[in-house]
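When a residue number appears, it is its place in the shown sequence, counting from 1.
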Amino acid sequence: MGTPAEPSRRITMTPAARRALAAADRLFYERGIHAVGVDLIAAEAGVTKKTLYDRFGSKEQIVVEYLADRDERWRAFLGERLDAADPDPRERVLTVFDASRAWATESSPKGCGMVNAHAEISDPAHPAHPIITGQKRWMLDLFTGLAAEIAPEGAESLARTLMLVHEGALVAHGLGVFPNALAHAREQAAALLA
């Protein structure tokens, strides 16, 4: 494995780049990053391969944009729900689980896009790796902040447990191991917080 990548750079989106990113988003999530080539992305977006390379420079950069865009959308989605949530930290933790369930239903029937991407991109030198791990660190930080309001003495342990329940539910949802994995995870989080 390589050394950790520098923070990922982002590109300015033109209309053609937005179409390519939308196509890449759908294709990467449905088929996997390694299974999708730039020819298919270009064809699905209605752009030339040259346009794709002119805008993104490489497939790696398309992957960076795909994951960064997905992460930004998730954070905004969750942020809206947390902004509208009851201020009680226990309720806010449960709001995270409710938001994850809604997001999974709307946007992630095959599980967490970051977990799925990590199955293909585990090398820290890949420019998308910091986005993948960054989202999970952000989620742990979110749980830690909420846990600190609930149990200041045991915040780190509580946050890690909540994170494990949450992430395990996302994986179980994506694999279809059992129905309503995220609803079950919410119940377990509620019991943990009682």
Discussion item. I'd like to know whether CZ of R137 has more than 12 heavy-atom contacts from other residues, nucleotides or ligands below 6.0 angstrom.
Written reply: no

Distance col, row L94:CG vs L193:CG, nearest 0.5 angstrom, shows 6.0 Å

Practice task
Any chance you could lay out the side-chain contact (heavy atoms from CB on, under 4.5 Å) test for D54 and T48, step after step, and finish with the verdict?
Solution key: CA-CA 10 Å; D54 285 349; T48 65; over 6 Å; no

Transitive ILVMFWY side-chain link L140 to I132, under 4.5 Å
no

Side chains of L158 and L192: closer than 4.5 Å at any heavy-atom pair? yes

Checklist line | Same apolar cluster: V115 and Y66, side chain cutoff 4.5 Å | finding: no

Between V165 and Q188 the two heavy atoms that sit nearest each other are CG1-CB, 4.4 Å

Hey, any chance F143 and W138 share a hydrophobic cluster, counting ILVMFWY side chains that come within less than 4.5 Å of each other, even indirectly? yes

The reported gap from CD1 in I62 to CG in D69 (rounded to nearest 0.5 angstrom) is 13.5 Å

Smallest heavy-atom separation, F28 atom then I33 atom, equals CD2-CA, 3.7 Å

Residue set satisfying salt bridge (Lys or Arg N to Asp or Glu O under 4.0 Å) with E91, at least two apart, ordered chain then number -> none

#### Entry: Atom CZ of R75 with >12 non-hydrogen neighbours under 6.0 angstrom
yes

Check: M13 main-chain N/O paired with R18 side-chain donor or acceptor under 3.5 Å: yes

- prompt: Should L164 and L170 be regarded as members of a common hydrophobic cluster, given that ILVMFWY residues are connected when their side-chain heavy atoms come within less than 4.5 Å of each other, either directly or indirectly?
  reply: no

Practice task
Determine, step by step, whether W74 and M114 satisfy the side-chain contact (heavy atoms from CB on, under 4.5 Å) criterion, reporting the C-alpha distance in whole Å, the side-chain angles of both residues, the deciding distance to 0.1 Å, and the verdict.
Solution key: CA-CA 11 Å; W74 160 244; M114 296 299 162; over 6 Å; no

| request: Can you establish whether the number of heavy atoms outside E156 located under 6.0 Å from its atom CD is more than 12? | output: no

The reported gap from CG in L67 to CD in E72 (rounded to nearest 0.5 angstrom) is 11.0 Å

Do the non-hydrogen side-chain atoms of R90 and L146 ever get within less than 4.5 Å of each other? no

Requested in this report: Using the ring of Y29 (Phe, Tyr or Trp, six-membered ring only), decide whether R70 places NZ or CZ under 6.0 Å from its centre and within 45 degrees of its axis.
Outcome: yes

* Is the F97 ring parallel, tilted or perpendicular to the H166 ring (thresholds 30°, 60°)? -> perpendicular

For this session: For the pair R92 and E149, find out whether any cationic side-chain nitrogen is under 4.0 Å from an anionic carboxylate oxygen.
Result: no

### Task
Compare all side-chain heavy atoms of T95 with those of D86 and state whether any distance is below 4.5 angstrom.
no

Would you call E30 and K110 a salt bridge, using N to O less than 4.0 angstrom?
no

| message | Could you see if L40 belongs to whatever hydrophobic cluster contains F56? Use Ile, Leu, Val, Met, Phe, Trp, Tyr and a side-chain cutoff under 4.5 Å. | response | yes

Note: A172 and A181 closest approach over all heavy atoms is CB-CB, 3.8 Å

So CD of E167 and OG of S100: to nearest 0.5 Å the spacing works out to 8.0 Å

When rounded to the nearest 0.5 Å, the distance separating OG1 of T14 from CZ of R55 is 4.5 Å

What one should report as the nearest heavy-atom pair of L27 and V36 is O-CG2, 3.6 Å

**Prompt:** For E106, does the CD atom have more than 12 heavy-atom neighbours from other residues, nucleotides or ligands under 6.0 Å away?
**Reply:** yes

d(R101 CZ, H173 NE2) to nearest 0.5 Å is 10.5 Å

What one should report as the nearest heavy-atom pair of A169 and A185 is CB-CB, 3.3 Å

Residues at least two apart in sequence or cross-chain that pass salt bridge (Lys or Arg N to Asp or Glu O under 4.0 Å) with D88, listed by chain then number, are none

Counting C-beta onward and ignoring hydrogens, is there a side-chain heavy-atom pair between D123 and H129 closer than 4.5 Å? no

Worksheet item: Under a 4.0 Å N-O cut-off, is there an ion pair linking R73 with D25?
Response: yes

Residues L78 and V96: closest non-hydrogen pair is CD1-CA, 3.9 Å

- Message: Can you confirm whether K136 sits close enough to H118 that some side-chain heavy atom of one is under 4.5 Å from a side-chain heavy atom of the other?
- Response: no

R81 to F77 six-membered ring, cation-pi geometry met (6.0 Å, 45°): yes

